[in-house]
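Input: a single structure, listed below in structure tokens.
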Amino acid sequence: SGEVIFDYPESESVAKNLLFRTGARIVDGAFERDNAAVPMRLTSRVDLRNYGGDLTLWADVLIDPAQQGGGALRSYGLFGQGEFLGSASQTLLNFAIQTQSSGSWYLLCTVSNGTTLFGAAGAATQIGRAEAVGRHRYALTLDRAANQLKGYIDGELKWTQTPPVSFGPLNPGMDWSGGVAIGNGSDNASDYRIYGAMMFGRTLSADEIRSLA
């Protein structure tokens with residue numbers, strides 16, 4: 001449908017038991033990590049296992065402007081279900097900002113049908129530091145008719161990836177107890193906040209994504 005699957009501005013969804021907060025606290029209307037041993041996750045009741053439709057994910061995120069990148073690999077999770085950057089059988093979807101030891105920054109995405117990982121990674125997804133640190137709005141679209149993943153920053157298209165075969169349903173057999181999580185990054189990515197997140201059960205147009213930015 002064209003309806004929003006969920007929209008998380010502040011704490012209402014937690015109060016209504018629509019989101020379950022792990023390793024996160026609310027500060028100035030945003031989520032930030034509060035437990036050095038636990039990645040920040042805001043787990044929803046939305047389960048995308050065996051989902052065969054289109055999808056748009058959108059997140060309003062602040063990464064510490066002082067973060068230079070480099071050193072230890074850091075993955076700032078935006079959305080995920082299943083293991084973060086795990087195997088095909090235990091991953092369904094991951095969407096994240098990542099900085100690697102080289103100091104380079106990337107807007108990454110991985111989806112799985114249960115046997116094969118499809119994604120956007122490597123040089124094609126590299127972004128500038130100025131597009132990663134500070135406050136930005138990130139979006140991902142999954143368009144099944146076009147067989148494409150598209151990544152956006154602040155309403156501007158950054159990359160388009162076409163998997164070698166059609167997606168099929170998203171990992172129908174994954175053994176995972178939780179639904180889609182906002183956050184879901186790595187243990188050492190702690191210096192960021194999530195101000196808002198939305199998920200749509202359709203592929204938003206470029207104009208619609210720009211209007212959200």
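Side chains included, hydrogens not; waters and symmetry mates left out as well; all remaining heavy atoms used. All of these numbers come straight from a predicted model, not from anything done at the bench.
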**Report entry** Geometric cation-pi criterion, R193 with F31: 6.0 Å, 45°
**Finding:**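 Ring-cation test returns no.
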Same cluster for [X] and [Y] if Ile/Leu/Val/Met/Phe/Trp/Tyr side chains link at under 4.5 Å?
{"X": "I153", "Y": "I97", "value": "yes"}
{"X": "L108", "Y": "W105", "value": "no"}
{"X": "Y106", "Y": "I63", "value": "no"}

What pair of heavy atoms forms the shortest contact from [X] to [Y], and how long is it?
{"X": "H136", "Y": "V133", "value": "NE2-O, 2.9 Å"}
{"X": "A59", "Y": "F79", "value": "CB-CE1, 4.0 Å"}
{"X": "D54", "Y": "R144", "value": "OD1-N, 2.9 Å"}
{"X": "F95", "Y": "C109", "value": "CD1-CB, 4.2 Å"}
{"X": "E32", "Y": "M40", "value": "C-SD, 3.5 Å"}
{"X": "E83", "Y": "T91", "value": "O-OG1, 3.4 Å"}

Query - Under 3.5 Å: donor-acceptor pair, side chain of N171, backbone of S89 - result: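 Yes, because the side chain of N171 sits within donor-acceptor range (under 3.5 Å) of the backbone of S89.
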Report task. For D60 and R135, run salt bridge (charged side-chain N to carboxylate O under 4.0 Å, His left out): C-alpha distance rounded to whole Å, both residues' side-chain angles, the deciding distance at 0.1 Å, then the answer. Result -> CA-CA 7 Å; D60 179 359; R135 189 167 177 178; 2.8 Å; yes
Query raised in the report: Salt bridge between R33 and D191, side-chain N to carboxylate O under 4.0 Å?
Result: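 Here R33 does not pair with D191 in a salt bridge, since their nearest N and O are not under 4.0 Å apart.
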Query raised in the report: Using 4.0 Å as the upper bound for N to carboxylate O, is an ion pair formed by R202 and E208?
Result: yes
Query raised in the report: Nearest 0.5 Å, what's the CD1-OG1 distance between I209 and T141?
Result: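 If we round to the nearest 0.5 Å, I209:CD1 and T141:OG1 are 5.5 Å apart.
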Query - Residues that, via side-chain heavy atoms closer than 4.5 angstrom, fall in one hydrophobic cluster with L117 - result: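 Besides L117, the hydrophobic cluster comprises nothing; the residue is isolated.
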Query raised in the report: Under 6.0 Å between ring centres, would you say that holds for Y76 and Y192?
Result: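 So the answer is yes for these two rings.
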Requested in this report: May I ask you to check whether Q81 and D47 show a side-chain donor-acceptor distance below 3.5 Å?
Outcome: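 Present: a donor and an acceptor within the cut-off.
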